[in-house]
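Every value quoted in this text rests on a predicted model; they were computed, and no experiment measured them.
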Amino acid sequence: MRAPASQSLLRVEHLGVGLRQRQRRQKRQHTIRAVEDVSLTVNAGEIVGIVGESGCGKSLTALSVMGLLPAAMELVGGSIVFENERLDQLRERNLNAIRGNRLTMIFQEPMSSLNPLMRIGRQLAEPLVLHGVSTAGAIRERVLEAMGKVGLRDPETLLRAYPHQLSGGMLQRVMIAAAIVCRPRLIIADEPTTALDVTTQAQILRLLRQINQTDQTSILFISHDLGVINQICDQVLVMYAGRIVERGTVGNVLWHPVHEYTKGLIKSIPTRRSKGAPLPSIRGRVPALAEEKAGCAFAPRCPAAHSQCFLEVPDELALSDFHQVNCFLADVESEMEYVRI
Amino acid sequence: MLFIVKRLLLSFVTLALVSLLTFAAFAILPGDPARVMLGQDASADQVAALRTQLGLDRPLPLRYLSWLGGFFGGDAGTSIKYDLPVNDMLADYIPVTLALAVLSLVLVVLIALPTALLAARFSGSWIDRLVSALATVGISTPGFFLGVLFVWLFGLTLRFFIAGRYVAWESDPTGFFAYLFWPALAIAIPCAGMAAKYLRDSITQQLESDYIRTAYSRGSSRGRALRVHALKNALVPALTMMGMIVADIFAGSIVIESVFSVPGIGRLLVSSITSRDFPMTQTLVMYIAVVVIVANTLVDVAIKALDSRVRLS
Ligand SMILES: Nc1ncnc2c1ncn2[C@@H]1O[C@H](COP(=O)(O)OP(=O)(O)OP(=O)(O)O)[C@@H](O)[C@H]1O
Ligand SMILES: [Mg+2]
């Protein structure tokens, strides 16, 4: 049965991303996968988070949706549906009509993500120019409106400035302004605050939340910080070594984690009470791309792993409508306990 | 402002060094201009008489200093070989070489820019490999060989131009440029190969950067991202090379002018070195150095105009 079109804005199913094969003769089974069997849904007006350690495939998942995978990577199966269109099957020209218009992206590094030789004004106007707003007056009005929304003051000076004249926080605001100037339905934000200092981080998060609430813009928010996810997301997906290991509403996943990896991540969030104490992190490290991964990829680091974990990849288990986990150790009953509470 | 003062000072030092080097070269070179002019049959007395007449009996350092004083005073002395004021002669020869150099430079840009753009746009494809192969051939072919080849192929065989019959600007401006086209092309091809390769690499490198990904994320097509975003960023380092190319073009014209019988300063330089014409050689070298310095200054100003982050220093 298909969900009504109005509900799911973005639906990714069984997405796989692998290293591009140089030789045709090599068989598909031997493709090195960086992302495997990732499914996710973003509904209208929702903020969905993806969390996981560095290198677990968060950025590649996001870039797949945008059709902007690095040259060394390619899609290997799966489907990406945005507003009832198969993005993974669109021609580049049709994709260009969507990118920057209804679907936009904000990157981690605001400093290098803007053209150093182009004035801020032109860079803010670019999405409008590319998506059919042609009169100078209309462009100006929309740019000023977007700048107002992201709290950029003194627009006249700013429009004429070059990126190197602005701070990181300002540049990220500019990036966000360019991302919302065409009033998109979905913004993909890939660690938008990681390169910024703490105060600026909080401001940018507040700004994104505000954009989500006033314009009903959905956000796919990527972070390695569960604390940040907790602040702004409705749903969260926990990724490990290219796969989703746990997913659900933020309340379920963060307050009643089932997967040992999620529990480890939560323990690693520094709290006010734990200040000064050594950070309890998960022992071991993320496996490298090329490493053979039989069974659950987390098993070697899992404190509760048993023999089955090393042999088979666990399927997704629905603990409730709002909480799914990929782990042999979880059972439905344990979840039911707190659901009944 | 300070930039201009510094730049002028630096240019002055460069010019002084260039003139000293030429002087040193002359001090080392064996050969006597009077002997060259009179030929091997002349008697020692005749040679001595001409030497006195030309002022060659004074020691070279003295002649250098008097020439140096004259050059900066606007009188570069008298040519030993032609017995005419050097500056008057150069007034006829310099415009020809400048026209040849400008034509060569235009050809370099006209060849290098589109090929580099094409190669970068389709980087990794057969087009890219073809451009790269052609550029390598262009770079490694000496300009004089191209000159001789052109004279034989386009001049003597295909008769696109009459080899050796230079057309003066005064008699036929169109014919002048039509004739200069071939030597200019011979000079331009090695430089264009270098420029195309460098610009292509510069553009492909820019195409990998984050702001290009941002451009795509906003709906920009590949062609537009290249033209609007990558090109300008790639031109900044490529422009620096333009300064070097101007020097290369002058070096190339010295030989090519002889091959095509173009009466420019290149040919004049060769003949004045052969006849040990000290004032003429010194002056020519100085003027070429001035042109190269001016070209490099213009390049720096152009870079500054493109990239406001650049500090001129
Ligand atoms: N261009 C590339 N070529 C080869 N491998 C790549 C490339 N880009 C990413 N990878 C690999 O794919 C895996 C997933 O990378 P990805 O960038 O999605 O991680 P991430 O979860 O976003 O991490 P981070 O928090 O560091 O941004 C990593 O192991 C990475 O090394
Ligand atoms: Mg990333």
remark   = Counting heavy-atom pairs under 4.5 Å with chain A, the top scorer among B:Arg309, B:Glu208, B:Arg222 is B:Arg309
request  = Check step by step if side-chain contact (heavy atoms from CB on, under 4.5 Å) holds for A:Glu126 and B:Arg224.
outcome  = CA-CA 11 Å; A:Glu126 186 172 37; B:Arg224 192 192 134 91; 2.7 Å; yes
message = Any donor-acceptor pair under 3.5 Å linking the side-chain atoms of A:Gln123 with those of B:His229?
response = no
request  = Using a 4.5 Å cut-off on heavy atoms from C-beta on, say whether the side chain of A:Ser112 contacts that of B:Tyr211.
outcome  = no
inquiry  = Heavy-atom cut-off 4.5 Å, strictly under: side chain, backbone, both or neither for A:Ile106 against chain B?
reply    = neither
ask   = Taking it one step at a time, do A:Phe107 and B:Thr214 satisfy side-chain contact (heavy atoms from CB on, under 4.5 Å)?
value = CA-CA 8 Å; A:Phe107 300 92; B:Thr214 306; 3.9 Å; yes
request  = For each of A:Leu95, A:Leu63, A:Leu68, A:Leu103, tally heavy-atom pairs with chain B at distances under 4.5 Å, and name the one with the top tally.
outcome  = A:Leu68
request  = Select one option (side chain, backbone, both, neither) describing which atoms of A:Arg93 are under 4.5 Å from chain B's heavy atoms.
outcome  = neither
key: Test log, rule side-chain contact (heavy atoms from CB on, under 4.5 Å), inputs A:Met118 and B:Val228   = CA-CA 9 Å; A:Met118 196 184 264; B:Val228 177; 3.4 Å; yes
request  = Can you tell which part of B:Ser209 gets under 4.5 Å to a heavy atom of chain A, answering side chain, backbone, both or neither?
outcome  = neither
When A:Ala97, A:Pro116, A:Pro127 are compared by non-hydrogen pairs under 4.5 Å with chain B, the top option = A:Pro116
request  = Report the distance from atom OG of B:Ser217 to atom CG of A:Asn96, rounding to the nearest 0.5 Å.
outcome  = 10.5 Å
query = Side chain, backbone, both or neither: which part of B:Val236 has a non-hydrogen atom closer than 4.5 Å to chain A?
reply = side chain
message = For A:Arg140, I'd like to know if atom CZ has over 12 heavy atoms of other residues, nucleotides or ligands within 6.0 Å.
response = no
ask   = To the nearest 0.5 Å, what is the distance between CE (A:Met105) and OH (B:Tyr216)?
value = 15.0 Å
ask   = Any side-chain heavy atom of A:Leu130 within less than 4.5 Å of one from B:Ser220?
value = yes
request  = Give a yes or no on whether A:Arg86 atom CZ has more than 12 heavy-atom contacts from other residues, nucleotides or ligands under 6.0 Å away.
outcome  = yes
message = So for atom CZ, which belongs to B:Phe145, do other residues, nucleotides or ligands contribute more than 12 heavy atoms lying within a distance under 6.0 Å?
response = no
inquiry  = Applying side-chain contact (heavy atoms from CB on, under 4.5 Å) to B:Arg218 and A:Asn101, what does each step give before you reach the verdict?
reply    = CA-CA 7 Å; B:Arg218 290 176 187 163; A:Asn101 191 12; over 6 Å; no
query = Above 12 or not: heavy atoms from other molecules or residues under 6.0 Å from CD of A:Glu141?
reply = no
message = Just so I understand: if I count every heavy-atom pair under 4.5 Å between each of A:Met66, A:Glu92, A:Arg122 and chain B, which residue has the most?
response = A:Glu92
inquiry  = Looking at A:Gln89, I want to see if its CD is surrounded by more than 12 non-hydrogen atoms of other residues, nucleotides or ligands under 6.0 Å.
reply    = yes
ask   = CG/B:Asn233 to CG/A:Asn115 distance, rounded to the nearest 0.5 angstrom?
value = 4.5 Å
query = Is it the backbone or the side chain of B:Ile212 that comes under 4.5 Å from a heavy atom of chain A, or both, or neither?
reply = neither
inquiry  = Between B:Arg213 and A:Glu109, does any side-chain N to carboxylate O distance fall below 4.0 Å?
reply    = no
